[in-house]
Amino acid sequence: MSRLVVVSNRVAPIEEGKAAAGGLAVGVQDALRKSGGIWFGWNGEVDADPQTRSETKDNITYVTFGLTKRDYDQYYRGFSNATLWPVFHYRIDLARYSREEYEGYRRVNNALAERLKPLLKPDDIIWVHDYHLIPFAEACRMYGIRNRIGFFLHIPFPAPEILTAIPPHNELLKTLCFYDLIGFQTETDRLAFEDYITREVRGLVRADGSLTAYGLNFRTGVYPIGVVPDEIRRQAESYKGRRNVISRTADGELRKTIIAVDRLDYSKGLVERFRAYENLLDRFPEHRRNVQFIQIAPTSRSDVRTYQHIRKQLETEAGHINGRLSELDWTPLRYLNKSHDRRILMGLFRAADIGFVTPLRDGMNLVAKEYVAAQDPEDPGVLVLSRFAGSARELTSALIVNPYDTAGMAEALDRALRMPLQERKERYENMMRAIRSADLAAWRDGFLRDLRASASRPTLISTKRAKASSA
Ligand code: GDG
């Protein structure tokens with residue numbers, strides 16, 4: 001079997017079973033372990049003189065490097081996270097565009113391709129992850145890399161009307177078409193991409209699903225990322241600390257618990273969620289004192305300005321709710337702005353009566369699937385899920401809500417709090433069927449099968465030109 005080379009912005013910690021390892025890291029590690037290969041990406045360090053490090057464990061070599069401050073500012077903090085992330089999540093209002101940052105983004109992608117080239121064998125297949133690396137395949141072709149290269153977009157692909165807000169959208173999309181296979185989380189994302197290709201650049205979509213645009217031939221596919229349900233259930237069952245977390249009412253009853261876990265990001269709809277919870281307590285006062293809401297939201301990308309703003313806004317909102325509604329023996333909302341061990345999270349999911357997952361836009365949202373997989377089949381909780389999460393396409397037995405509808409979300413919470421056991425079980429079983437049939441292994445194997453089946457590309461551009469554009 002040919003070796004696998006994974007390229008992603010960040011390389012996950014090397015120690016196996018590390019608490020922080022999320023779904024993507026587990027899936028990638030697993031795929032690499034099967035065929036052996038390289039995981040290539042940034043080590044998270046910013047350094048004046050960044051070094052490349054290589055470490056081999058069993059059949060996987062981890063090749064990581066640092067970024068200079070300029071590369072970090074332009075490629076990571078700038079174009080990736082201040083332009084692409086907000087626009088791809090439909091937040092043009094939060095996006096900024098700087099030509100220098102875009103050039104930095106292209107420069108870093110070129111430099112990474114140049115660094116990867118000497119590590120490759122002719123029959124390696126290359127799997128590239130996410131929006132930081134859209135132009136990576138084009139850069140590889142410029143350096144004469146002829147291997148099969150596939151790309152998976154973890155976040156949504158926006159409608160063309162939104163995408164075209166990015167000034168170099170056409171150039172950016174052209175670079176994307178250098179991949180042999182482009183994978184999306186949902187059919188909606190894939191159709192948005194096809195819409196751009198057919199309407200903006202008059203590309204061709206053939207009956208067999210292959211596409212031609214900008215003189216390039218490539219394929220697309222839908223590969224919803226999944227979880228490892230049995231492992232989640234084991235982790236959830238092994239957590240013994242829930243007694244300390246779920247508080248009791250004056251009568252000694254366990255309080256109904258609503259749980260939410262997100263990276264602190266404006267796409268996750270946290271403010272809207274807090275307001276919906278407040279609306280529940282105002283309109284259905286019988287739940288007061290009998291319910292608690294635990295929101296875990298570890299800080300992310302804290303040096304991007306819009307992230308500092310959302311953090312302040314949430315602190316204000318949480319303070320407002322607790323200040324207005326708390327009693328001496330009841331705190332309605334517990335907002336924890338720090339990360340927790342994965343086993344604890346899975347245990348909390350199992351202990352909670354409601355998983356409240358309401359992003360304004362999300363490629364998939366693994367938390368929704370994790371919450372369901374962690375439940376006790378004999379007494380499962382209820383998932384309240386935003387229609388704008390990719391996972392809502394599969395988890396149709398959740399209570400589906402619109403995160404812009406505060407009153408509607410409060411009503412869904414009320415319904416979930418009252419839902420009889422039989423209905424909870426039926427919904428849970430339907431969702432588990434969907435989770436099992438599209439688990440993490442299905443995502444990985446489906447993508448790699450299609451990538452292996454695709455034809456590798458000839459070198460299109462001379463190495464001389466590549467050197468000039470990466471200088
Ligand atoms: C992107 C896309 C897509 C969260 N807090 C802690 C913690 N987590 C874990 C969760 C989950 C993961 O992080 C978050 O995954 P999500 O899918 O919910 O969201 P993003 O981080 O935005 O991921 C998303 C995903 O890529 C995969 O393709 O689904 O749409 O935006 O696994 O449990 N883990 C630990 N401590 C925490 O405090 N250990």
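Read the numbers this way: they start at 1 and go in the same order the structure lists the ligands and their atoms.
- Ser300 and Arg263 form a side-chain donor-acceptor contact under 3.5 Å, judged by distance and modelled atom types alone.
- In this structure a side-chain-to-backbone donor-acceptor pair under 3.5 Å is missing from Thr83 to Ser80.
- Taking the six-membered ring for Trp and the full ring otherwise, Tyr196 and His169 have centroids separated by under 6.0 Å.
- Of the polar atoms of Asp262, none of the N or O atoms is found under 3.5 Å from an N or O of ligand 1, judged by distance alone.
- Evaluation of the ring-ring contact (aromatic ring centres under 6.0 Å, His included) rule for Phe356 yields Phe293 as partners, not counting sequence neighbours.
- With Phe88 as reference, Leu163 is the one residue of Ile162, Asp189, Leu163 to meet the side chain to side chain contact (heavy atoms under 4.5 Å, CB included) rule.
- Close approach of ligand 1 to Gly363 (heavy-atom distance below 4.0 Å) involves ligand atoms 30 (O).
- Within the set Asp130, Val357, Asp362, the minimum heavy-atom distance to atom 24 (C) of ligand 1 is found for Asp362.
- Taking the six-membered ring for Trp and the full ring otherwise, His154 and Phe152 have centroids separated by under 6.0 Å.
- Within the structure, ligand 1 lacks Tyr371 among the residues with a heavy atom less than 4.0 angstrom away.
- The shortest N/O to N/O separation between Met346 and ligand 1 does not fall below 3.5 Å.
- Residues Asn337 and Arg311 bring a donor and an acceptor atom of their side chains to less than 3.5 Å of each other.
- Distances between N or O atoms of Val261 and those of ligand 1 include no value under 3.5 Å.
- Polar contact check, His154 against ligand 1: a nitrogen or oxygen pair lies under 3.5 Å apart.
- Near Arg342, with a cut-off below 4.0 Å to any heavy atom, the atoms of ligand 1 are 32 (O), 33 (O), 39 (N).
- With salt bridges taken as basic N to acidic carboxylate O contacts below 4.0 Å, one links Arg233 and Glu237.
- At a 3.5 angstrom cut-off on N or O pairs, Asn365 counts as close to ligand 1.
- Every atom of ligand 1 with a heavy atom of Gln185 under 4.0 Å away is listed here by number and element: 3 (C), 28 (O).
- Across the listed options Met364, Lys268, Arg263, Lys268 owns the non-hydrogen atom lying nearest to atom 19 (O) of ligand 1.
- Ser247 and Arg255 share a donor-acceptor pair across their side chains, judged by distance under 3.5 Å alone.
- Partners of Tyr239 according to the ring-ring contact (aromatic ring centres under 6.0 Å, His included) rule, which considers only residues two or more places apart in sequence or in another chain, do not exist here.
- Remark: ligand 1 atoms within the under-4.0 Å shell around heavy atoms of Val367 are 10 (C), 18 (O).
- Heavy atoms of Trp85 found under 4.0 angstrom from ligand 1 belong exclusively to the side chain.
- Between the choices Asp265, Leu345, Ile344, the shortest heavy-atom distance to atom 37 (C) of ligand 1 belongs to Leu345.
- Close contacts of ligand 1 with Ile225, meaning ligand atoms under 4.0 Å from a residue heavy atom, involve 27 (C), 28 (O).
- Taking a cut-off of under 4.0 Å to the non-hydrogen atoms of Ser339, the atoms of ligand 1 that pass are 37 (C), 38 (O).
- Of the polar atoms of His89, none of the N or O atoms is found under 3.5 Å from an N or O of ligand 1, judged by distance alone.
- Ring centers of Tyr307 and Tyr266: under 6.0 Å apart, within the cut-off.
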